[in-house]
Amino acid sequence: GGYVYNRSFQMAKRDAIESGIVRLERSMALIDTRLNEVESIGTQIALDARVGNLMSAQWPYGGEQYYEMKALSDNLANYKLGNRLIREAFVYLHEGAFISSFHPTADVASFYGKLLQFGEQSYEQWRQSMLEAYRYAAYYPESSVMANGFRSQVITYVQSIPIGALNTYKGAVVVLLDAREVKALLAGAVALGEGWAYIAEPDGTVVTGFGVPEPDALRSAMPAEGRGYEELTVGGRDMIVMRTQSGANGWSYVAAIPQSVISASVAYIGRMYVYTMIVTVFVGLLIAIAFSYTSSRPIMNLLRKLRSG
């Protein structure tokens, strides 16, 4: 019985690990597809003729440029409506022009902190982070951002413009991705309430995730790359930590389930073993009693005859 239980536990663990990695890869494929859509939208915005006209126009802008900013703002709203992952999209230019679906302006500094703010950054800090270097399809980890006066958790996508202008770029296309939507796609990797998961960049920076107790310690314990798993003790619990890696962007996808979940799935085998042992002992006792009675009958008959003698 003990052998059968141990074998069943090992088989259940192997199946849980393999199915867990498959679910993790399925979540990864869905997120990769959605990110590919975002990058395609970012490229479309970057190549919009109105963006090109605004980058080449003389400063300060005149009536024609303000008209193009309004038309571009309306177009950005369409991208947001057509993709649930996109929380907001906007174009930011060196001169201070800011075109979003909710507000086009040639003086973003005047309303930064009122309608728009990234974390606790000042306008100058944010401006430097957007424009200090050329970005190509770059992602910033989940953070709190206020857009149109409402705060939300977002993952930020940045594409410098013009695309390919490594030393002469004039601004950036920025797309804010709803972190809740990404987590919902990632949640398919584990059963709700029974594990946790996160996504990390190649350098180990956590992009987003849920329920992760010790991401720094876990990253050092996981394989450097590729598909695999580790059995770790995290927060006093024995966990199976699974990992796979995206070929599209090199991001690592990590998910964990408690070993107790596997133990629970094969607990019925242990109970069956105990019940079987009880029934076996009880039946054995009945057979022993019956056998003892049958064997003693001739002796009892002989004793009765001697007494009646």
(request) Carefully, step by step, assess Ser144 and Arg151 under the rule side chain to side chain donor-acceptor pair (under 3.5 Å). (result) CA-CA 7 Å; Ser144 173; Arg151 279 205 172 271; 3.1 Å; yes
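- Between Tyr112 and Trp126, the two ring planes are parallel [angle under 30°; tilted spans 30° to 60°].
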(request) Kindly determine whether Gln121 and Ser129 satisfy side chain to side chain contact (heavy atoms under 4.5 Å, CB included), including the steps that lead there. (result) CA-CA 10 Å; Gln121 290 182 323; Ser129 69; 4.1 Å; yes
(message) Walk me through whether Tyr157 and Val174 qualify under side chain to side chain contact (heavy atoms under 4.5 Å, CB included).
(response) CA-CA 6 Å; Tyr157 166 86; Val174 181; over 6 Å; no
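- In terms of modelled atom types and a separation under 3.5 Å, the side chain of Ser56 and the main chain of Gly52 share a donor-acceptor contact.
- Aromatic ring orientation, His103 versus Phe111: perpendicular (interplanar angle above 60°, classes split at 30° and 60°).
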(request) With salt bridge (charged side-chain N to carboxylate O under 4.0 Å, His left out) as the test, would you mind laying out the steps for Glu18 and Arg227 before giving the verdict? (result) CA-CA 10 Å; Glu18 183 58 32; Arg227 200 175 193 264; 3.1 Å; yes
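- Ion pair Glu124/Arg127 not flagged as a salt bridge, since none of the NZ, NE, NH1 or NH2 atoms sits closer than 4.0 Å to an Asp/Glu carboxylate oxygen.
- Taking the side chain as every heavy atom from C-beta outward, Trp251 and Gln245 never approach each other to under 4.5 Å.
- Summarising the geometry, atom OG belonging to Ser40 is positioned 12.5 Å from atom CG belonging to Leu35; distances are rounded to the nearest 0.5 Å.
- Scanning both residues, Tyr134 and Ala165, for their nearest heavy atoms gives CD1-O, 3.5 Å.
- Contact of the Tyr169 side chain with the Ile163 side chain is not registered, since no non-hydrogen atoms from C-beta on lie closer than 4.5 Å.
- Put simply, Leu131 and Tyr123 are part of the same group of oily side chains (I, L, V, M, F, W, Y) that touch within less than 4.5 Å, one to the next.
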(request) Before giving the answer on side chain to side chain contact (heavy atoms under 4.5 Å, CB included), spell out for Gln159 and Thr43 the whole-Å C-alpha distance, their side-chain angles and the decisive distance to 0.1 Å. (result) CA-CA 8 Å; Gln159 172 62 62; Thr43 300; 5.6 Å; no
Could you go through residues 175-190 and list every donor-acceptor pair under 3.5 Å that involves a side-chain atom there, pairing it with any protein atom two or more places apart or in another chain?
{"residue": "Asp178", "atom": "OD1", "partner": "Arg180", "partner atom": "N", "Å": "3.0"}
{"residue": "Asp178", "atom": "OD1", "partner": "Arg180", "partner atom": "NE", "Å": "3.3"}
{"residue": "Asp178", "atom": "OD2", "partner": "Arg180", "partner atom": "NH2", "Å": "3.1"}
{"residue": "Glu181", "atom": "OE2", "partner": "Arg84", "partner atom": "NH2", "Å": "3.1"}
{"residue": "Lys183", "atom": "NZ", "partner": "Glu142", "partner atom": "OE1", "Å": "3.4"}
{"residue": "Lys183", "atom": "NZ", "partner": "Glu142", "partner atom": "OE2", "Å": "3.2"}

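- One side chain, Glu88 or Ser101, offers a donor N or O that lies under 3.5 Å from an acceptor on the other.
- Both Met242 and Phe210 are part of a single hydrophobic cluster, where members link through side-chain heavy atoms under 4.5 Å apart.
- Thr244 OG1 to Leu24 CG: the interatomic distance, rounded to the nearest 0.5 Å, is 6.0 Å.
- Around atom CD of Glu132, more than 12 heavy atoms belonging to other residues, nucleotides or ligands sit under 6.0 Å away.
- The CD atom of Glu95 lies 10.0 Å from the CE atom of Met55; values are rounded to the nearest 0.5 Å.
- Summarising the local packing, CD of Gln125 is surrounded by more than 12 heavy atoms from other residues, nucleotides or ligands at distances under 6.0 Å.
- What you find for Ser110 and Lys114 is that their closest heavy atoms are O-NZ, 3.3 Å.
- Residue Asp238 holds its CG atom at 9.5 Å from CG of Leu232, rounded to the nearest 0.5 Å.
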(request) Let me see the working for Ile45 and Val91 under side chain to side chain contact (heavy atoms under 4.5 Å, CB included), right down to the final yes or no. (result) CA-CA 8 Å; Ile45 297 172; Val91 176; 3.7 Å; yes
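- Heavy atoms only, all atoms of each residue included: Gly204 and Ala200 are closest at O-CB, 4.0 Å.
- Taking 4.5 Å as the limit, every side-chain heavy atom of Tyr139 sits out of range of all side-chain heavy atoms of Thr156.
- Just one residue in the list Ile99, Val173, Ile161 forms a side chain to side chain contact (heavy atoms under 4.5 Å, CB included) with Val51, and that residue is Ile161.
- Between the side chains of Thr205 and Asp203, at least one donor-acceptor pair of N or O atoms lies under 3.5 Å.
- Using a 4.5 Å cut-off on side-chain heavy atoms (C-beta onward), Gln65 and Leu54 make contact.
- Residues Tyr136 and Ser160 have side chains not in contact (no heavy-atom distance under 4.5 Å, counting atoms from C-beta outward).
- Glu37 has its side chain within reach of Thr33: a pair of non-hydrogen atoms, C-beta onward, lies under 4.5 Å apart.
- Looking at heavy atoms from C-beta onward, Ile257 lies out of side-chain contact with Met239 at the 4.5 angstrom threshold.
- The hydrophobic clustering, which links ILVMFWY residues whose side-chain heavy atoms are closer than 4.5 Å, places Tyr92 and Leu115 together.
- Taking CD1 of Ile86 as the reference point, atom CD1 of Ile41 lies at 3.5 Å (rounded to 0.5 Å).
- By the 4.5 Å heavy-atom criterion applied to side chains, Val254 and Ile199 are not counted as neighbours.
- Atoms CD and CD, from Glu39 and Gln44 in turn, are 12.5 Å apart once rounded to the nearest 0.5 Å.
- Residue pairs meeting the ring-ring contact (aromatic ring centres under 6.0 Å, His included) criterion with at least one partner in residues 32-59, sequence neighbours excluded, are Trp59-Tyr61.
- Here the closest non-hydrogen pair linking Pro202 and Gly250 is CG-O, 3.6 Å.
- Cluster membership check: Leu72 does not share its hydrophobic cluster with Met130, using side-chain heavy-atom separations under 4.5 Å among Ile, Leu, Val, Met, Phe, Trp and Tyr.
- Hydrophobic clustering (side-chain heavy atoms under 4.5 Å, transitive across Ile, Leu, Val, Met, Phe, Trp, Tyr) groups Val145 together with Tyr140.
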